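Quick notes on the structure that follows.
Both backbone and side-chain heavy atoms feed into the values below; hydrogens, waters and symmetry mates do not. All values derive from a computational prediction rather than experimental measurement.
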Amino acid sequence: MTAPDDGDPRRYLVLASFCLHSFVQCFAFMDFSTNEALTEHVLNMAGSAATAESGLLYYGGFASTLPAMCVSLWLLLHGRDRTAGLAMSVLIVAGSWGRLFAASMHSYAAALVSTVLLGLAGGCIFTSFTFIPERWFPEHERGFATALAVQSNYAGWAIGVLNPSMFG
């Protein structure tokens, strides 16, 4: 691997793309997690098991993150960063569309599948926070690039929490 070039403007495009993916993943992940009553209404969940089921829409994503982190880390360490990036992109798009489908069809099962997909995407994202800056940025810019990558994740969570009425 060669050292990143100070004059290569593609590094900003790579970082912007990664930040957008990280933001969208966390935003979509939070939509079924912020308002339990609204989630139960939108997904037609009723009865005593509704609370446990709605908890799976949050914690199920975290459970799927760990295996994805292991696979993504292996890919990144073996020079397959494009494969890891493609997997991240596909999982985020599929998970986000799955969220929309679940809300429009009032389907808990689709919501759970989308949670797993978004959790898998999160595993790819979490292993890339420092990898992207290390691979694409010169040493004097890595701190800033890492901060942007991490903060885009938190921004998605924060705005996702503030938007529980996106179901309409």
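- Side-chain atoms of Ser128 do not come within 3.5 Å of backbone N or O of Phe131 as any donor-acceptor pair.
- Judged as a ring-ring contact (aromatic ring centres under 6.0 Å, His included), and not counting sequence neighbours, Trp97 has no contacts.
- Looking at Leu75 and Asp81, their side chains never come closer than 4.5 Å, going by heavy atoms from C-beta outward.
- Applying the side-chain hydrogen bond (donor to acceptor under 3.5 Å, both in side chains) test to residues at least two apart or on different chains, the pairs with a partner in residues 143-156 are Ser22-Asn153.
- Looking at Arg99 and Thr115, their side chains come closer than 4.5 Å, going by heavy atoms from C-beta outward.
- The OG1 atom of Thr130 lies 10.5 Å from the CZ atom of Arg142; values are rounded to the nearest 0.5 Å.
- In this structure, Phe18 and Phe129 have side chains that are in contact, with non-hydrogen atoms separated by less than 4.5 Å.
- Ile132 CD1 to Leu15 CG: the interatomic distance, rounded to the nearest 0.5 Å, is 8.0 Å.
- Applying the ring-ring contact (aromatic ring centres under 6.0 Å, His included) criterion to Phe62, with sequence neighbours excluded, gives Phe29, Tyr58.
- Both Phe27 and Leu20 are part of a single hydrophobic cluster, where members link through side-chain heavy atoms under 4.5 Å apart.
- With rounding to the nearest 0.5 angstrom, the CZ atom of Phe23 is 12.0 Å from the CD1 atom of Ile92.
- Using a 4.5 Å cut-off between side-chain heavy atoms of Ile, Leu, Val, Met, Phe, Trp and Tyr, with links allowed through other members, Val14 and Val150 fall into the same hydrophobic cluster.
- Hydrophobic clustering, with ILVMFWY side chains joined whenever heavy atoms are under 4.5 angstrom apart, groups Trp157 together with Tyr59.
- Formation of a donor-acceptor pair under 3.5 Å by the Ser104 side chain with backbone atoms of Phe101 is found in this model.
- Transitive grouping of hydrophobic side chains (ILVMFWY, heavy atoms separated by less than 4.5 Å) brings Val71 and Trp74 into a common cluster.
- Listed by first and then second residue, the side-chain hydrogen bond (donor to acceptor under 3.5 Å, both in side chains) pairs involving residues 60-73 are Ser72-Thr127 (not counting sequence neighbours).
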Only pairs under 3.5 Å count here: list side-chain donor-acceptor contacts from residues 118-126, not counting sequence neighbours, and write none if there are none.
none

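- Here the side chains of Glu141 and Arg11 are in contact, with some heavy-atom distance below 4.5 Å.
- Listed by chain and number, the residues in a side chain to side chain donor-acceptor pair (under 3.5 Å) with Ser89 are His21 (sequence neighbours excluded).
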